[in-house]
Amino acid sequence: MAPTKAPDSSRRSDRSRRAIHDAALALVGEVGYRRTTIEGIAARAGVGKQTIYRWWPSKAAVLMEAFLDLAARTAEEAAEQSGDTARSGDTAEGGIPDTGDLAADLKLVLRATVDELNDPALAIPTRALTAEGIVDAKLGAEFVEKLLEPQLALYVTRLRAAQEAGHVRADADPRIALELLIGPLMHRWLLRTQPLTHAYADAIVDYTLGGLTPRP
């Protein structure tokens, strides 16, 4: 009789992992970060809390991975629906398009960001983690490092390419420039001062690239 191979306890069950991710995101949206617990996540996902502790060291780690996975799946679905990856002249997959028209490329990306921020599936956990990151420095730093910085780096890459092509001032700081694009969007979204629309995203790009001084 052939020996039975012992199960590999280090391999996660995709089904259980997804259930835990979904439970964590649902709970943080319903009750907030602080009231979300490992026990609550486990009960909602239908797994033992030992399973969660075996795979993640903390509640923050569960939520961060769950959110990163959700963001990645959302981006993949958006790319498949738009068919944008087939366009010639684009950057590598996952980057900001480089068609030679900086304004059009930035408007495309900011409009997609508006759609994501208006989607409750992403907006609710994003708002909860952002709010908690303001008072929890460690969580906030992890949120910036793992989620925000990789996205911001794409803007820096695109803006530097625009500088090399002569479409942006050579002395402009790409980091400050990207904050002119992202900052107003996040301000309106976080504080709910006005509706978040594609028209607003387009206006941000126009104001950033054109400035506010009268044109000759």
Side-chain angles (χ1 to χ4, degrees), residues 4-82 93-94 109-154 182 185-193 195-197:
T4 302
K5 184 178 180 180
D8 184 355
S9 60
S10 67
R11 295 184 60 187
R12 302 180 185 180
S13 162
D14 287 340
R15 182 178 299 175
S16 294
R17 180 175 61 85
R18 180 58 55 81
I20 292 168
H21 283 176
D22 291 345
L25 293 172
L27 280 175
V28 78
E30 291 171 9
V31 304
Y33 179 83
R34 294 195 176 188
R35 294 178 61 188
T36 298
T37 64
I38 292 292
E39 290 76 11
I41 295 171
R44 183 97 168 218
V47 302
K49 65 179 182 179
Q50 301 92 334
T51 299
I52 296 178
Y53 281 120
R54 186 185 314 128
W55 294 342
W56 295 280
S58 65
K59 172 181 71 175
V62 179
L63 286 165
M64 192 62 62
E65 183 179 302
F67 189 81
L68 291 171
D69 179 64
L70 174 63
R73 285 188 281 121
T74 301
E76 289 175 2
E77 291 170 2
E80 290 175 358
Q81 290 175 3
S82 67
E93 184 176 354
V109 174
L110 285 194
R111 283 183 171 212
T113 302
V114 164
D115 291 340
E116 290 178 359
L117 293 175
N118 284 329
D119 180 356
L122 276 172
I124 291 174
T126 301
R127 193 176 292 278
L129 287 172
T130 300
E132 185 61 26
I134 294 173
V135 296
D136 184 334
K138 183 177 179 181
L139 178 67
E142 187 176 7
F143 188 77
V144 169
E145 176 188 358
K146 293 184 177 180
L147 182 67
L148 293 185
E149 283 299 337
Q151 298 299 316
L152 298 181
L154 300 178
I182 300 299
L185 207 66
M186 297 306 295
H187 176 274
R188 179 172 285 203
W189 177 71
L190 281 171
L191 300 183
R192 298 186 174 96
T193 56
L196 201 60
T197 64

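Here the structure is a predicted model, which is why all the values come from computation and not from measurement.
- From Thr126, atom OG1 reaches atom CG of Leu25 across 9.0 Å, with rounding to the nearest 0.5 Å.
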For this session: List the steps, then state whether salt bridge (charged side-chain N to carboxylate O under 4.0 Å, His left out) holds for Asp69 with Arg73.
Result: CA-CA 6 Å; Asp69 179 64; Arg73 285 188 281 121; 3.0 Å; yes
For this session: Step by step, work out the side-chain contact (heavy atoms from CB on, under 4.5 Å) result for Ile52 and Lys59.
Result: CA-CA 9 Å; Ile52 296 178; Lys59 172 181 71 175; over 6 Å; no
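- Between Ala24 and Ile41, the closest heavy-atom pair is CB-CD1, 3.8 Å.
- When all heavy atoms of Ala123 and Trp189 are compared, the closest pair comes out as O-CZ2, 3.7 Å.
- Taking all atoms of both residues into account, the shortest heavy-atom contact from Tyr33 to Ala60 is OH-CB, 3.3 Å.
- In this structure, Met64 CE and Glu142 CD are separated by 4.5 Å, a value rounded to the nearest 0.5 Å.
- Residues His187 and Thr193 have side chains in contact (heavy-atom distance under 4.5 Å, counting atoms from C-beta outward).
- Atom-to-atom distance recorded for Ile134:CD1 and Leu129:CG is 11.5 Å, nearest 0.5 angstrom.
- Contact annotation: the side chain of Leu63 never approaches that of Glu132 to less than 4.5 Å [non-hydrogen atoms, C-beta and beyond].
- Here the closest heavy-atom approach between residue Ile182 and residue Leu152 is recorded as CG1-CD2, 4.4 Å.
- Pro125 and Pro120 get closest at one heavy-atom pair: CD-O, 3.9 Å.
- Taking CZ of Arg44 as the start and OG1 of Thr37 as the end, the distance is 11.5 Å to the nearest 0.5 Å.
- In this structure, Ile20 CD1 and Arg15 CZ are separated by 13.0 Å, a value rounded to the nearest 0.5 Å.
- Shown here are the salt bridge (Lys or Arg N to Asp or Glu O under 4.0 Å) partners of Glu39, two or more places apart in sequence or in another chain: Lys49.
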Problem set entry | Evaluation steps, side-chain contact (heavy atoms from CB on, under 4.5 Å), between Arg18 and Asp22 | CA-CA 6 Å; Arg18 180 58 55 81; Asp22 291 345; 3.7 Å; yes
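- At least one side-chain heavy atom of Leu117 sits under 4.5 Å from a side-chain heavy atom of Met186.
- In this structure, CG in Leu122 is found 4.5 Å from CG in Leu70, a value given to the nearest 0.5 Å.
- When all heavy atoms are compared, the tightest approach of Asn118 to Leu196 is ND2-O, 3.0 Å.
- Qualifying side-chain hydrogen bond (donor to acceptor under 3.5 Å, both in side chains) partners for Glu145, counting only residues two or more places apart in sequence or in other chains: none.
- Phe67 places none of its side-chain heavy atoms less than 4.5 Å from the side chain of Val28.
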